[in-house]
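Computed from heavy atoms alone, side chains included, the values below leave out hydrogens, waters and symmetry copies. Every value quoted in this text rests on a predicted model; they were computed, and no experiment measured them.
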Amino acid sequence: IADLQAGMRSGKYSSRQLTELYLGRIAAMDRQGPSLHAMLDLNPDALTIAGGLDAERKGGKLRGPMHGIPVVIKDNIATADKMTTTAGSLALEGSIAPRDSGVAARLRAAGAVILGKTNLSEWANYRSTHSTSGWSSRGGQCRNPYILDRNPCGSSSGTGSGVSANFAAVGVGSETDGSIVCPSSTNGLVGIKPTVGLVSRAGIIPISHSQDTAGPMARTVTDAAILLTALAGADPRDSATQDRAAKFGIDYTRSLDPAGLKGARIGVLRGSFVGFHPVVDQLYQAAIDAMKAAGAVIVDDVKLPHNGEYDSAEGVVLSYEFKADLNAYLADLGPSAPRKTLAEIIKFNDDHKDRVMPWFGQEEFLRAVKRGPLTDKDYVDARAKCVQLSREQGLDAVLHDQQLDALVAPTGNPAWPTDWVNGDHFTGGSSTPAAVAGYPSITVPMGSVSGLPVGISFIGRAWAEAMMIRLGFAYEQASKFRRVPQFLPTLPATP
């Protein structure tokens with residue numbers, strides 16, 4: 001972003017020229033060439049918007065570091081323009097939002113050019129119990145730009161693949177549990193999953209109001225910090241962002257200190273967080289050694305209390321909240337909603353199963369539609385268990401007791417071959433504790449396994465994004481592991 005701004009200041013290029021270049025790259029690579037299938041919609045007004053921002057610049061008005069910067073956003077983030085918002089589903093094809101999401105509104109206010117909507121795991125990977133990440137009935141299968149027959153992970157698959165392939169300067173994904181950090185890790189990106197309530201959830205097709213959040217996906221920690229600064233803020237349409245005035249107005253770029261690891265107390269998670277791939281374990285140990293060399297105080301083999309004990313409770317919470325939150329979202333669309341309820345979407349999927357469900361079904365939908373109201377004891381008890389075990393007796397307890405600035409763990413396993421018959425092949429990951437707690441995490445490239453990127457996650461207290469960025473940036477500067485994708489068709493039979 002800083003380089004693009006310097007170019008626009010010097011007159012080397014304009015926002016409109018940048019937008020044309022990105023659109024040209026998308027045209028050359030998304031549905032031809034490597035055929036990444038990372039994009040669902042392009043904004044027909046992008047060039048006009050960019051031209052208007054150029055005029056503002058010439059007139060001496062600059063909105064900030066995002067002024068004139070092209071951005072892509074996930075297709076569950078509503079925009080009140082000529083683009084649809086569908087979560088990748090044919091059931092919502094043609095749906096035009098009556099007003100911008102909080103995220104889109106803040107991007108526009110910051111001067112970003114919303115270039116288009118990215119493909120995703122349909123319904124943010126919450127339709128089936130054995131889905132294939134990156135596949136949607138509207139967009140087909142998104143591909144990993146490092147090795148094309150490998151999976152880009154999800155659910156923010158298109159944002160991960162597209163930003164990695166340089167379809168835009170930066171992108172916005174969303175996460176309920178893993179959907180920012182996993183595609184960031186497998187596509188060689190930095191991804192920030194903020195504290196729930198830092199970024200508005202209004203106008204984002206939901207899974208769970210307890211866990212959903214949008215966040216930046218970028219090629220550098222610096223770019224992610226710039227984008228998070230633009231995204232963070234209160235929204236009267238999202239109660240989770242209210243009464244948090246002290247948490248807003250932060251310029252996260254002030255945390256970009258290359259010496260940020262010096263004196264930081266880092267808790268190393270092992271146990272169930274490692275052992276799923278020997279090379280990932282080696283890279284993780286090298287990352288720990290690099291942080292120690294950069295001055296961090298390493299507290300090794302920290303035990304995270306109650307890890308895994310709330311997994312089933314999380315499933316109950318998501319199932320109840322999905323039904324309630326999706327029905328509320330559809331009602332808010334008003335007459336523009338092609339389907340008005342979860343039950344109507346289920347029927348549409350059944351009626352069009354040859355196109356919508358050729359590889360996997362809608363087991364999660366069928367479970368959710370049977371759930372009662374959020375006053376049900378099963379829901380209330382499950383949510384209370386999640387809060388108590390993930391926060392008070394989990395992350396809060398270990399961070400306080402060990403006086404830690406952050407916990408670290410491998411973000412996940414290398415990308416697996418895309419497999420529509422058997423679904424995804426997750427073998428390890430660390431997203432759930434922060435996701436269930438609603439706390440922040442940041443993933444930064446840690447290296448690669450046979451050319452497939454993997455990341456390391458920094459997990460912290462609520463509202464500790466500045467600290468996570470400080471630590472992630474210092475690690476990034478000490479390691480510089482990101483490599484540009486090579487668009488190889490498949491993994492070579494021999495190294």
Side-chain angles (χ1 to χ4, degrees), residues 1 22 26 38-43 46 49 64-66 69-81 83 85-88 97 100-121 124 142 152-176 178-184 187 189-196 198-207 212-233 235 238 241 252 440-443 465 469:
I1 289 174
Y22 282 123
I26 291 169
M39 303 300 300
L40 283 180
D41 280 344
L42 294 178
N43 187 353
I49 292 167
M66 290 298 298
I69 300 295
V71 177
V72 292
I73 65 175
K74 190 175 178 179
D75 182 47
N76 60 350
I77 301 172
T79 53
D81 52 21
M83 293 186 288
T85 306
T86 69
D100 272 343
S101 60
V103 164
R106 290 195 67 85
L107 287 172
R108 295 191 207 277
V113 179
I114 300 177
L115 201 61
K117 299 284 189 74
T118 56
N119 198 6
L120 69 160
S121 310
C142 183
C153 199
S155 64
S156 305
S157 316
T159 305
S161 176
V163 172
S164 186
N166 202 20
F167 285 4
V170 289
V172 181
S174 72
E175 175 161 332
T176 305
S179 289
I180 288 173
V181 295
C182 184
S184 295
N187 290 285
L189 298 178
V190 174
I192 300 176
K193 198 287 287 187
T195 305
V196 173
L198 186 70
V199 176
S200 173
R201 303 162 301 170
I204 299 178
I205 297 175
I207 294 176
D212 289 352
T213 181
M217 299 171 69
R219 292 188 290 279
T220 68
V221 177
T222 300
D223 284 356
I226 292 170
L227 181 54
L228 184 62
T229 300
L231 294 175
D235 184 344
D238 184 354
T241 68
Y252 290 104
S441 64
I442 177 172
T443 180
E465 282 78 7
I469 288 168

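The two residues Ile69 and Ala169 have their closest heavy-atom pair at CG2-CB, 3.6 Å. Among all heavy-atom pairs drawn from Ala224 and Val190, the shortest one is CB-CG1, 4.0 Å. Between Ser200 and Val103, the shortest heavy-atom distance links the atoms O-CG2, 3.8 Å. Residues Ala124 and Asn76 share a closest heavy-atom pair of CB-ND2, 4.5 Å. Considering all non-hydrogen atoms of both residues, Arg106 and Ala230 come closest at NE-O, 2.9 Å. Taking each heavy atom of Pro183 and Gly154 in turn, the nearest pair found is CD-O, 3.5 Å.
Residues Asp41 and Thr86 fail the side-chain proximity criterion, which asks for heavy atoms closer than 4.5 Å. When side chains are defined from C-beta on, Ile49 counts as touching Asn43, because their heavy atoms get closer than 4.5 Å. Side-chain contact check for Ser157 versus Ser121: some heavy-atom pair is nearer than 4.5 Å.
Proximity of a side-chain donor or acceptor of Asp238 to a complementary backbone N or O of Arg201 within less than 3.5 Å is detected. A donor-acceptor contact shorter than 3.5 Å is absent between the side chain of Asn187 and the backbone of Leu189.
Rounding to the nearest 0.5 Å places CG of Leu107 at 7.5 Å from OG of Ser101. Between the CG atom of Leu40 and the CG atom of Leu120 there is a distance of 6.5 Å, given to the nearest 0.5 Å. Within the model, atoms CD1 of Ile192 and CD1 of Ile442 stand 4.0 Å from one another, a figure rounded to the nearest 0.5 Å. Taking CD from Glu465 and OG1 from Thr195, the interatomic distance works out to 3.5 Å, rounded to the nearest 0.5 Å. Atoms CD1 and CG, on Ile26 and Leu115 in that order, are 4.5 Å from each other to the nearest 0.5 Å. One distance of note links CD of Glu175 with CE of Met217; it measures 9.5 Å at 0.5 Å rounding.
Applying the side chain to side chain contact (heavy atoms under 4.5 Å, CB included) test between Ile114 and each of Ile77, Val72, Ile73, Val172 identifies Ile73 as the sole match.
Counting only N and O atoms by type, the side chains of Ser155 and Ser179 include a donor and acceptor under 3.5 Å apart. Under 3.5 Å, the side chains of Lys117 and Thr85 contain a donor-acceptor pair of N or O atoms.
Identified under the side-chain hydrogen bond (donor to acceptor under 3.5 Å, both in side chains) test for residues 214-230, with sequence neighbours left out: Asn166-Arg219.
Qualifying side chain to side chain donor-acceptor pair (under 3.5 Å) partners for Thr118, counting only residues two or more places apart in sequence or in other chains: Thr159. Annotation: side chain to side chain donor-acceptor pair (under 3.5 Å) contacts of Ser161 (sequence neighbours excluded): none.
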> Do Met66 and Val170 pass the side chain to side chain contact (heavy atoms under 4.5 Å, CB included) test, and can you show the C-alpha distance, the side-chain angles, and the key distance before you say yes or no?
Replying inline: CA-CA 10 Å; Met66 290 298 298; Val170 289; 4.1 Å; yes
